[in-house]
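Values below: all heavy atoms of this structure, side chains included; hydrogens, waters and symmetry mates excluded. By convention in this document, chain letters (A, B, ...) are assigned in the order of the sequence lines, proteins followed by strands, and residues within each chain are numbered from 1.
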2 protein chains.
Amino acid sequence: MRARATVPGAAVDGLRERVPPSRPVTDGGRRRRAGAAPLTRESLVDATIRIADTEGSAAVTMRRLGTELGVDPTAVYRHFRDKQALLQAAADWLVAGVFDGWTPRGDWADDLRTFILHARRRYLEHPGLLVLVASSSGPVQSEASATDRVLGMLRSGGLDVEDAVRGFEVLQDWLVAVTVLDASPQAESQEPWRRSFAALPAAEVPHLAEAAPLLYEDLDARFRFGLDLIIDGLDRRRGP
Amino acid sequence: MRARATVPGAAVDGLRERVPPSRPVTDGGRRRRAGAAPLTRESLVDATIRIADTEGSAAVTMRRLGTELGVDPTAVYRHFRDKQALLQAAADWLVAGVFDGWTPRGDWADDLRTFILHARRRYLEHPGLLVLVASSSGPVQSEASATDRVLGMLRSGGLDVEDAVRGFEVLQDWLVAVTVLDASPQAESQEPWRRSFAALPAAEVPHLAEAAPLLYEDLDARFRFGLDLIIDGLDRRRGP
DNA sequence: ACCTGAACACCGTTCAAGT
DNA sequence: ACCTGAACACCGTTCAAGT
């Protein structure tokens, strides 16, 4: 899935300025420290995003953060209650920038469609981070304004409040839930599925045999097909 | 979410007969062993399901399996290559029984709808197991015949092969991806979202303020709303 | 053929001690 | 006020040794 390609440097857009390269202080074999950039919530979130993007979310450990920032692993607890709180902050960064680079064109259905696809693209650029959004135990801070904006699009299309809410929830589920799966390392290749299905006895699974060459071809096309079904369905529910 | 309620005993339906209660051999303080039930792939999968259902997937560890079955933790490696292979076997059990207790009534759209809801109910009864299906790196064995059957429903409705395949993929994504999120421990309560959104300044997020009382009310209603949008959309694509 | 037990290389987190 | 370092209670997995 080529959408997995990581845009270099993009990981820290919208975050504070990145810490300057921290001239190698060479304070006698020790890591860095001693006058180096101070440990902050920002530098920790920055490092979390960088590690998750380049090595996957599993690589984000307290010890890894420590060596990355030249600090004792347990120093993280001075800035975040626990690991979960740090990951939540990283998830918040991901959601906060979800409108960056997207401009509405005025047609509610078209805006909805391009925005969801835009958000999906951003999420796929940070596969290691997305799962944290989906599994966070409360709304990340920046979720409120994003929710408000999407609800606004649905209302402007003529949906009543009830349908707008339900439409929002379905679109959010489709975007987040499906993209989480698409961004997981296992989704990288659909080959195992296709090969295994192609090798089945056609007599026992006739419909599958017929469909096998078409199955699991393009994750993005699949996502768009479902998205269009949903938006078309909402379109037919609009008031007069 | 009441759907989380675990049906007692249901965890092992369809699996080999359960091991008899294994009369307490009391072989001198040691766990059991010494004439007790032998360790098999079945007893390991059985224990995995039981532990995941009652204590969550995180509780499934090699050491926990060892004490559960009265055996050294590393004995598992005699029957499964690694932990991932054991979890895959448990996921396979979940998918294998997905048609149990469901009967088609002959109308393709209605059958599709009731089947998907039936599958969702089964998955929600085993929240700790479902995530393993979604994240497995290849098709679980029993997936082929299930895929064949669902494709058959779509074809019988008059969809051509291309639309049937795309429809199947969208329905699968909707079922698995959304239900994985709904079954995650964090989804247990929607309260944090509702409370946090209700407390926002209405002037800044007018649409959200208006919608807040309706948001995140019922995960199942939300799922059905999306499912109906998808099935209705497919219905309109049928041939003459 | 199957199981044991020690060992290895990891985790997140706590807490007393340093500066 | 912030960081260190040892320690605790865990992980999955390997491998030589037992039976």
Side-chain angles (χ1 to χ4, degrees), chain A residues 19 22 25 27-45 47-48 51-52 55-90 128 131-132 135-137 185-186, chain B residues 19 22 25 27-45 47-48 51-52 55-90 128 131-132 135-137 185-186:
Chain A
V19 213
S22 93
V25 183
D27 58 336
R30 266 300 185 286
R31 289 290 172 186
R32 46 185 83 168
R33 286 291 78 192
L39 195 63
T40 62
R41 288 177 64 95
E42 279 78 21
S43 67
L44 279 165
V45 170
T48 299
I51 295 170
E55 299 163 55
S57 58
V60 179
T61 68
M62 300 311 223
R63 286 163 178 82
R64 179 79 177 72
L65 284 165
T67 66
E68 181 83 10
L69 296 170
V71 108
D72 189 274
T74 64
V76 180
Y77 290 90
R78 237 48 56 198
H79 300 89
F80 290 95
R81 193 170 38 76
D82 54 18
K83 195 190 181 189
Q84 163 68 26
L86 168 61
L87 298 179
Q88 180 104 353
V131 65
L132 310 174
S135 60
S136 79
S137 51
Q186 295 85 352
Chain B
V19 213
S22 89
V25 185
D27 58 335
R30 264 301 185 285
R31 290 290 172 186
R32 46 186 84 170
R33 286 292 80 191
L39 195 62
T40 61
R41 288 178 63 96
E42 278 79 22
S43 67
L44 279 165
V45 169
T48 299
I51 296 170
E55 300 164 52
S57 57
V60 179
T61 68
M62 300 311 224
R63 284 164 179 81
R64 180 78 177 73
L65 284 165
T67 66
E68 181 84 11
L69 296 171
V71 107
D72 190 273
T74 64
V76 180
Y77 290 91
R78 236 50 55 200
H79 300 89
F80 290 96
R81 193 169 35 77
D82 54 19
K83 195 189 181 189
Q84 162 67 25
L86 168 62
L87 298 179
Q88 179 103 354
V131 63
L132 309 174
S135 60
S136 79
S137 52
Q186 295 84 352

* Using whole Å, report how far CZ of A:Arg41 lies from C1' of D:dC2. => 15 Å
* Once you round to the nearest 0.5 Å, how far does CG of A:Leu65 lie from OG1 of A:Thr74? -> 12.0 Å
* Send over the distance from A:Arg78 CZ to D:dC2 C1', rounded to a whole Å. => 7 Å
* Any chance you could measure B:Thr67, atom OG1, to B:Met62, atom CE, to the nearest 0.5 Å? => 13.0 Å
* **A:Leu44 versus A:His79, closest heavy-atom pair with distance** => CD1-CB, 3.9 Å
* So A:Leu39 and A:Arg78, side-chain contact (heavy atoms from CB on, under 4.5 Å) or not? Walk me through it. -> CA-CA 9 Å; A:Leu39 195 63; A:Arg78 237 48 56 198; over 6 Å; no
* Structure fact -> dist A:Phe80:CZ -> A:Gln84:CD (nearest 0.5 Å) comes out at 11.5 Å
* Looking only at side-chain N and O atoms, does A:His79 come under 4.0 Å of OP1 or OP2 in D:dC2? -> no
* Rounded to the nearest 0.5 Å, what's the gap from CG on B:Leu87 to CG on B:Asp82? Could you check? => 9.0 Å
Pairs under 3.5 angstrom, nitrogen or oxygen only, protein versus nucleotides 11-13 of chain C, please.
from, atom 1, to, atom 2, distance (Å)
C:dC11, N4, A:Arg63, NH2, 3.3
C:dG12, OP1, A:Lys83, NZ, 2.8
C:dG12, OP2, A:Met62, N, 3.2
C:dG12, N7, A:Arg63, NH1, 2.8
C:dG12, O6, A:Arg63, NH2, 3.0
C:dT13, OP2, A:Tyr77, OH, 2.7
C:dT13, OP2, A:Lys83, N, 3.0
C:dT13, O5', A:Tyr77, OH, 3.0

* Euclidean distance, atom CG of residue A:Asp72 to atom C1' of C:dT14 [Å, nearest integer] -> 13 Å
* Can you tell me which stems involve DNA chain D, if a stem is defined as three or more consecutive Watson-Crick or G-U wobble pairs, both distances under 3.5 Å? => C:4-8 with D:12-16, C:12-16 with D:4-8
* Measure from CZ on A:Phe80 to P on D:dC3 and round the result to the nearest Å. => 12 Å
* Structure fact -> When rounded to the nearest 0.5 Å, the distance separating CG of A:Leu86 from CZ of A:Arg41 is 8.5 Å
* Atom pair CG (B:Asp72) and CZ (B:Arg63), whose distance is rounded to the nearest 0.5 Å -> 9.5 Å
